[in-house]
Structure formats: C-alpha cells, structure tokens
There are 2 protein chains.
Amino acid sequence: MAAGLDELVQRSVTEEREAGTAGAVSGPSPRQEQVLDAVLELLAEGTDVLTMSAVARRASCSKETLYKWFGDRDGLLNATVCWQASKVRAGGYDGDRLNTSSLRASLEAFAANWLRVISSRTSIALNRVAISHAASGKSNLGEIVLCNGRFAIGERLKPLLEAARDARLLTFDDTETAFRTFFGLIGRDVQIRLLLGDRLRLSKADIARDAARATQQFLMLHRAAKAPAAPGRTKLNHRKET
Amino acid sequence: MAAGLDELVQRSVTEEREAGTAGAVSGPSPRQEQVLDAVLELLAEGTDVLTMSAVARRASCSKETLYKWFGDRDGLLNATVCWQASKVRAGGYDGDRLNTSSLRASLEAFAANWLRVISSRTSIALNRVAISHAASGKSNLGEIVLCNGRFAIGERLKPLLEAARDARLLTFDDTETAFRTFFGLIGRDVQIRLLLGDRLRLSKADIARDAARATQQFLMLHRAAKAPAAPGRTKLNHRKET
DNA sequence: AGTGTACCGTAACGTACGGTACGGCTAGGC
DNA sequence: GCCTAGCCGTACCGTACGTTACGGTACACT
C-alpha cells in the first residue's frame, strides 16, 4: 500500500477532469452529486442492477453525459466511492485533555461509529463491488475503499491512542498493532458475515453494547499498569447476544 | 441463518443428482473432482477468467459435460465450494485432558490454521466470488461459504472452549461470544484487506506470531481468576510488525 | 459387427451490457 | 430572431459469455 491516501482520494476527480468538461477543480458539481447519489441508491438495491443504463435512468440523465463526466464505468465507480467517503468522514481526536473516562468514551464512540459504517447497506454494497473488482485486478477500487475505510480510520484513531499513551492511560509498543487489535475486537466476524449475505441486524442497542464490550476488552489488554486491574474486578461484558 | 449446516453442505450434491446422471450418492466422482480442481485453479488466477469455456478447456472436458454434471454455472460453483470445504476440514478438540499449556497450544494451532486458510489464494478467490453472488441475492453461495468457513470453525472450537471452562482454565458466560472475540483477535483486518486486494503477505513466521499474540490476548481476557495475571506480568506481544 | 452410452471439441444462438451516435430540446449570449 | 453549448432520450453497435446443439470418438455390452 505505497500510494498515499490523499492521492487516492483525489484520483477520480482527476480522471473526471481529464475525461470531461466539468471545469470545477474541487469535486463534483451538484448535478454530478445527484448522479453519484443515484449510483449509491442503485448499489444498495443490489450490485447486479448497477448498469450504466440504470444509472442514467435513475439519475434522469443520458448515458452520453455519464461517459462525458466520468469517462467509463470504472470512473463512475471511483467517483462514487470517493463521494461516499467524503460524506462519511467524521472528526478524529481533537486534542482534548484525556482522562480515563473521556478516553473510554472516545473509544466507544469510535467503535460505535465504525460498526454503524460497516453495517450500513451502502458500505456493504460498496465493499462488495470493490471486492469483485479486486478479483479482476483491473481496477484500483479496492485500494480506494481500503484507503478511505480501514486505513483512514486507523490514521484517525492513532492520535488518540498515542495521546492516551503519553498520558499514561494506555500502554503499547506499536500504535499500528494496538489499533489492529482494537479493530479486530470491534468488528470480529461482522463484516465478513454481512458481505457474505448473512442476515445480521445490528440495532442501535447492539452497536452500543458491542462498542462498549470492545472498548472494555481493549482497555483490559492495554491499560497502563499504574492502575492494575485484576481480571474480574471490572465485569466483563459476556452477556449472551441475541 | 436458519438452514442447517449439513443440509447446506449437501445441497450441491443434491442438485447434481437432480440435474444429471452421476449416480453415485456420495460426492463427486474422481473425474468430477478433476473438474472442480480445475475450477479452483482458475479461480486462483482471477475470478474474471472463470468462464465455462475456460473451465472446459482447463479440465479437458466438454461444456456439454459441465452442464450435464452441474446443471449450470451456479451449480458448478456450489459444487466447487463444497469440494474445497471438504478438503479443508481439520480435526477439532478430541477430548484430550487440558492444562494451561496444552490449551494454549491448541488455541495457537487453531489460530494459525485459520490464518493460513483466510490468507490462501483459494480462500480469497472463493470468498470473493461468494461475496459477488451475495450481492445479487440470486444464489446461496455466500451462505455455503459462511457455513463451511466462519460457522464451521466456530462449532469446531467451541468444544475446546467449553472443556477449558469446565477445567477452570477459562472463564466466560457465552461460548459464542467468547469465540467471536477470539475470531476478531485472530483475523483483525487481515481478511478484509486481502479481499480488497491489499498486498499483504503472511509468512509462516507472521502466522505463528499472530497466532501466539491472539492466543495471548484471548487468554488475558478470559483466563480464569484462580491464577490472576496482572496486566504486564506476562509480556504482551506488541512487537512491531513488518 | 452392431448398438448404445458417455464423452470431447467446437460451432452456433441469445442476451445483456458497456460504449457510441444522433436527433431534439432548452437556455443563454449577440 | 438566431446561434451555440450542453444535455436528454433512445436507438444502435460490438463483444463477451452462458447455454445449447451437433458431429465425431472410444468403449462396453451383446
């Protein structure tokens, strides 16, 4: 994963500029956003109905316009992924002073947000089409999704983790490894099950409970030793899940 | 996920019987296995080259035979998934007496095995095609993969976990939840990254290290309190990863 | 030898979809 | 009023692939 994040985020816009006449340097025009929303809408209804004709119909535009604006089908998908990513971006650590409870709250909020994202119809559909394309190797869509998903949130959380380490609230050697542990504790089998079509409903309550559990477990693994928590002192959330 | 596991495993064989003349009640014939291996071979080379013509060419059989044996493309894929699943099955807990170190060894072996599976070209390709099909909703391929992957290994590990709980080596309320935690600690972001095309190489050493780390973390979270391990007493494997 | 069966190789068919071309409509500038 | 630009709607083209059909071959059985 050598390519930089920003470069990837901007790639589709670049292609759009190369291919078409949308002169605006910054992002898609409102009309183009309507088109991209139509793509997201169709995508949520099933990857197989996402044909260029269907997009044109849904967005009430001509296929000629689609090709003029986005170059080809891949360009349209790239632009869609970036458009969705730009809508999902949420704030990371903003430099607040940390204490035990604010750290826990931040981690829980982060976990809940990520669970919401990966269980959304849009994210599932987008990941599915990106995975299909990754198989063909002809497109960098998977890379874009990865950079705007997994890697973006990693970069967003790391400042918090490191601030917590500086504040002696957490202990770990490698930030990336610590993040991956948290990532695993949050997602577990959820994403692969959803991608494979498992009927798995995450209610708001489920998400809140999972976020709390993941955070609790992460803290147990990485809590700084200055306040050693003997296992069993803070209760583990092993409640049976529905 | 209401359908039983065994039912799903057998489904493609049933279809095969309905559609064709392969009279053998049990599984594919050797010649058919050759065909299925050819499918796996092609799949590993890229999902997009998996056309019926390519399969026929690779397996040195006629398309007519393919359709007679497997019904249609979906039937061929179903049979392939089941064939691969039948090859991957490994033994679970066999009732050995457990102690601390044998439990750790079993968990590590389990984790390493799972990491090997999800990072294999075959598994990646199979999951990709199943995910593509899950998007179209027209096939139960995702269900089959899920039952032979995620759920099968869960059922295989649970006896060990419960035996360990009975032996007072582990403590948890719900076996399924405990397993999901372990699952998350093992896989973390590996599977989604590989599915999305991230170049991620897991050497044997990486796998062994990850399996040990996941096991260590899982034990820290679920070790029975009779031998309380203060955080930091046993060193955490936060070595920087390559 | 004759017949039937299973199979290979390949040609052919139908369709779906990405991509293109073209006619018509609207709006803004002169 | 007229011209140009941009866009809509749609018909059209080429291709790829799933599926079917057919001719030819090897072999078992009688």
Side-chain angles (χ1 to χ4, degrees), chain A residues 12 15-24 28-39 42-43 45-80 129 132-133 135-139 141, chain B residues 12 15-24 28-39 42-43 45-80 129 132-133 135-139 141:
Chain A
S12 86
E15 288 187 2
E16 169 194 318
R17 265 210 309 284
E18 288 170 355
T21 54
S29 72
R31 182 71 179 102
Q32 291 171 334
E33 290 176 0
Q34 284 181 22
V35 172
L36 297 179
D37 280 329
V39 176
L42 280 171
L43 220 40
E45 294 172 14
T47 309
D48 53 341
V49 299
L50 189 81
T51 66
M52 297 301 275
S53 302
V55 172
R57 216 176 314 122
R58 181 67 60 99
S60 293
C61 72
S62 71
K63 292 211 286 178
E64 189 180 27
T65 304
L66 288 183
Y67 285 99
K68 180 180 291 188
W69 283 350
F70 304 102
D72 58 1
R73 189 172 191 271
D74 272 9
L76 179 60
L77 287 176
N78 278 17
T80 303
V129 56
S132 305
H133 277 235
S136 313
K138 283 300 185 187
S139 162
L141 223 101
Chain B
S12 85
E15 290 186 1
E16 168 194 321
R17 265 210 309 283
E18 288 168 357
T21 55
S29 72
R31 182 69 178 102
Q32 290 171 336
E33 290 177 0
Q34 284 182 20
V35 173
L36 297 179
D37 280 330
V39 176
L42 280 171
L43 220 40
E45 295 172 13
T47 309
D48 53 339
V49 299
L50 189 81
T51 67
M52 297 300 275
S53 303
V55 172
R57 217 175 314 122
R58 181 68 60 100
S60 294
C61 73
S62 72
K63 294 211 269 180
E64 189 181 27
T65 303
L66 288 184
Y67 284 98
K68 180 182 289 191
W69 283 348
F70 304 102
D72 57 2
R73 189 172 189 270
D74 271 12
L76 178 60
L77 288 176
N78 278 17
T80 304
V129 56
S132 305
H133 273 62
S136 314
K138 283 302 185 186
S139 162
L141 234 130

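Reminder, nothing fancy here: chain letters follow the sequence lines and each chain counts from 1.
- Atom OH of Tyr67(B) is separated from atom C1' of dG9(C) by 15 Å (rounded to the nearest Å).
- Going from atom CZ of Phe70(A) over to atom P of dG18(C) covers 15 Å, rounded to whole Å.
- Leu77(A) contributes atom CG, which lies 5.0 Å from atom NE2 of His133(A) (distance to the nearest 0.5 angstrom).
- Taking CG of Leu36(B) as the start and CH2 of Trp69(B) as the end, the distance is 9.0 Å to the nearest 0.5 Å.
- Side-chain nitrogen and oxygen atoms of Trp69(B) include at least one within less than 4.0 Å of the OP1 or OP2 phosphate oxygen of dC7(C).
- Rounding to the nearest 0.5 Å gives a distance of 13.5 Å between CZ of Arg57(A) and OG of Ser62(A).
- Rounding to whole angstrom units, CG of residue Leu76(B) and P of dC17(D) are separated by 15 Å.
- Taking atom CG of residue Asp74(A) and atom P of nucleotide dC17(C), one finds them 17 Å apart after rounding to whole Å.
- For Arg73(B), counting side-chain heavy atoms from C-beta on, the closest listed nucleotide (dG18(D), dC8(C), dG18(C)) is dG18(D).
- Expressed to the nearest 0.5 Å, how far CE of Met52(A) lies from NZ of Lys63(A) amounts to 8.0 Å.
- With rounding to the nearest 0.5 Å, the separation of SG in Cys61(A) from CD in Gln34(A) is 9.5 Å.
- The distance between atom CZ of Arg31(A) and atom C1' of dT26(C), rounded to the nearest whole Å, is 14 Å.
- If you check dG19(C), dC22(D), dC7(C) against the side chain of Glu64(B), the one that comes closest is dC22(D).
- Heavy-atom minimum distance, Ser139(B) versus Asn78(B): OG-OD1, 4.4 Å.
- What separates CD of Gln32(A) from P of dG6(D) is a distance of 13 Å, to the nearest Å.
- Atom C1' of nucleotide dC17(D) and atom CG of Leu66(B) are separated by 14 Å, given to the nearest angstrom.
- A heavy atom closer than 4.0 Å to some atom of DNA chain C occurs in Ser60(B), Cys61(B), Ser62(B), Lys63(B), these being the qualifying members of residues 47-63 of chain B.
- Going from atom CG of Leu43(A) over to atom CG of Asp48(A) covers 10.0 Å, rounded to the nearest 0.5 Å.
- In this entry the distance linking CG of Leu77(A) with C1' of dG18(C) reads 12 Å, nearest Å.
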